[in-house]
**Q** 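Handing you a structure now.
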Amino acid sequence: MLAKLKKRAGLVVLGAYGLFLLLWLAQAVFFFVGDHARTERTLPLSGAALENLVLQPDGSYLSMGIDPQLVFDGLDEKVRLVKLEATFERAPGEMELFYAQKPGQGFWQGRRVIGVPGVDGSVLYALPPGRYAALRLDAGTAGDNRIAITAVTLNPRLPAAHYFVPSLRTVGAFLLVPALACCVFYTIIEVLQKLPKNPARRAKKAPRETE
Amino acid sequence: MMSMVTPFLALAALLAVALAYASLGVASALAPLCAVGSVVLWFTLGGCCDLLAPAGYVFYAAAALCAAWFIWRHAVKKMPLPRLGFGFGFFVVAACAFILLLGLRQPMFMNWDEFSFWGTAAKLTKLSGQLYTTAPIGWAWAATQNPALIVFGYFFQFFGGAFCEWQVYAAYDVLQLAALAAVLAPVERRWPVALPLSLIGLLAPYFFTQRGVATVLSPAWMDSYADTPMAFLFAAVLAAYYAGRVATPPPDEKRPASLLPPARPPTGHGPQVLRWLPVFLAAATLTLTKDIALVPALVAVAVIFADRLFAWPKVAPRFGARIKAAALGGGLSLAAVVLPFLGWSAYLGLAAGVDRAASAGGVRQIGLFQLPFTFLAELFSPDKSERFLAVLGGMAQRMASERISMLGSPLRMLVLIAVLLLGAALLSKSRVQRRRCLWFGVGTALGFLAYFCIIAISYIYIMRPEQMFEGYERYIYPYFMAWFLLAALLFGISATGAAGRWRTALGQGAALALCAVVAGRCVQLVPPSMALLDVHPSASADRHIFQKQVLALRHRLPQSGKTFIVSSGDSGLRWFMYCYEMLPWQVDYSFGGGELVRRTLQPDGTTEKHELTADEWADYLLENACTTVLLDEVDEGFRQRYGALFSDGLAAYDEEKTQLYGVVAGAGDVRLEPLWLEG
């Protein structure tokens, strides 16, 4: 078996890339179907509690510190994606979304996701699929920043391309992960080949193991 | 998308030259580094002769000839193609990916020194077609920094019309990738080791510059500073040396055939000089990267010398003959370091009137070559100055407390490097490799001591007291980064040449584990939106606002003259940003901007301050052909002292807005008339 793998190293590498592609396609289909089965809803901004943010007369928000937050409480729905459509006067810094799955549960570092910016400037947050009671949107880390928020949408309907056109991250992972998996695979093979091949030695060892 | 053509054209020229080198017999993984070194040396020479643009045309023409020669040699003459290994492939794929990614994201300069020197020098060189040392800038430009990166950036956007910031990043990334490909050269035949090592190299800039969770954009791979390129090039010099001299274990007939191809030296088929060429070119490029790069370059030479003398027996069997061989190899490598350094110093003396031997700059004005002796004299003297003790004590303390990588303090990194070298020595059955690890460890440890002392020297004798320990991590991490990469490389070399399958598996497994640790820490601390991969479009919003403001301002400027900038309380960043954005228009920021204080260095080393009167400032404006004054930020003290010079008495001044005044010389007096108000 190992000798066959030795001869067909190219096939193994190809197989690793094929497997990665298949797994990626499977998860894309899974998320596409799952996301389209959920209900899309736009959260009313008036219902958000503001921390370190001040609503301006023109409807935009001004961040007053380095931790501006919008807290949406009293939710009870299944969410996987959250989309923030906003423009920032200054570089916003890190965009995070904290979540709580039970009412009254606090927000902490272990329950947060980092936003992925889209080409149109919107930010998409992918939560672990589940039911959520509250969300805290940290609109960057820049103080004195004017933020114009257009909408915060739960479970936005994203085009199929979002799922089936690979992102730069996917391309990077596609280049590296199967190749690294092959490295691990061949390291294991090196170890396996070291194991005793002589049936007589195996037979001697076997009774000792059964004792 | 058109802006992507220029860097890809430069990459194509670089690849044509690299292929020509490979065709001549240079190891393919080292060929991109040779091409980069050729570009740097050629353009530096061209710049020093004030023939930068002609040098560019000649180089691109030579690259086209190289491509034609390569095709003729291998397609027409049917000579065997050079073997292009993992390192070369890695360089091509990674360079294309980085250029594409940077072209899509278009990051902009964000950091202090990019405006104070690195970015401004790159822009000045591109716009003027002259080396930044002599190009007109309009103020006392401290243009003594070494030119390697700047001329390489110029080469990358040679055919472009306007200056483009992301192309500077692309150029420097390609230079670093060429160095990284060279680091992979000794292990490229065994990809289960080469692949993890390449990933470690790609993540190393994050690993050493992002010490906590990233909440702002990480500058790794989007940085025009010379620190990371210096680290990569330092590693590349020694890797290029090791690549031609990989120690293999003694043949063991009982050893079963390995599943993977045996590790073989990746040297080409050319003469001996082609084994040394990448070392010389990399050493010369390293020396020309940054002032302090002279130290790692000399350390690399010392390690090569020790390796040839004590570790590599194939040079000559007798010790006496080995001394000669070591002196020859080490001497030539030393020449590759010293000649560019002296050449650049001589050029600075001629072109900029800077005598580096007479003064290394800073508060004490001590000569460059005198500095180490002054330091040593004080070190062994019983009467050490308070500052001397404070600097050395503070730096020693920081070895254990300061974070210089994602793993923590320099001491922790030292332990990791020692473990890697010990592992490399134990894994290999080759005595040569074991001796090499030993001498590498000894050489680089002593080298670190020298590097440490040089940083201490700059804190004691060159920088101002208030600048003590400023940028400590930035100065110290490049050495550790190169050290770490080289230790990992030596470990990889041992793993590829390890005798016995257990050792091979252990070596490969350990290389993968190290890669997993580095990758794991990077994933943990750097979210993709804070890295090049997913840069938020608004990451450069501040710069866009500032650019817009300066563009509006430039339309109001007269045809000739200079603009004097007043920015009270500015740390210097606003001034440097103005200077950068307004190029080629010249600006003036004498007397500290808003302070308007003339400082004179006294013989006892203290500084005397003299506050300029309104008349003195007015005279200065006239004498220095300042036609406009830009008020960026003005405090109450400025208003009271100089308000009388302004025709409106600064009555309309709004601290939220930038204002431009024209300098009008009247009969015996100077008036400042309002020209433009922001918004």
**Q** At a heavy-atom separation under 4.5 Å, does Ile545(B) approach chain A through its side chain, its backbone, both, or neither?
**A** side chain
**Q** Taking side chain as everything from C-beta outward and backbone as N, CA, C, O, which of these in Leu180(A) sits under 4.5 Å from a heavy atom of chain B? Side chain, backbone, both or neither.
**A** both
**Q** Side chain from CB out, backbone as N, CA, C, O: work out which of these in Glu96(A) comes under 4.5 Å of a heavy atom of chain B, or both, or neither.
**A** neither
**Q** Report the C-alpha distance between Arg111(A) and Gln101(A) in whole Å, list the side-chain angles of each, state the deciding distance to 0.1 Å, and finish with yes or no for side chain to side chain donor-acceptor pair (under 3.5 Å).
**A** CA-CA 9 Å; Arg111(A) 282 196 295 265; Gln101(A) 285 168 312; 5.7 Å; no
**Q** Among residues two or more places apart or on two chains, list those pairs meeting ring pair (Phe, Tyr, Trp, His ring centres under 6.0 Å) that have a residue in residues 116-153 of chain A.
**A** Tyr99(A)-Tyr132(A)
**Q** Sequence neighbours left out, what passes ring pair (Phe, Tyr, Trp, His ring centres under 6.0 Å) with Tyr17(A)? Give chain and number order.
**A** Phe174(A)
**Q** Do Phe91(B) and Val174(B) make a side-chain contact, defined as non-hydrogen atoms from C-beta onward lying under 4.5 Å apart?
**A** yes
**Q** Under 4.5 Å from any heavy atom of chain A, what part of Ala214(B) do you find: side chain, backbone, both or neither?
**A** backbone
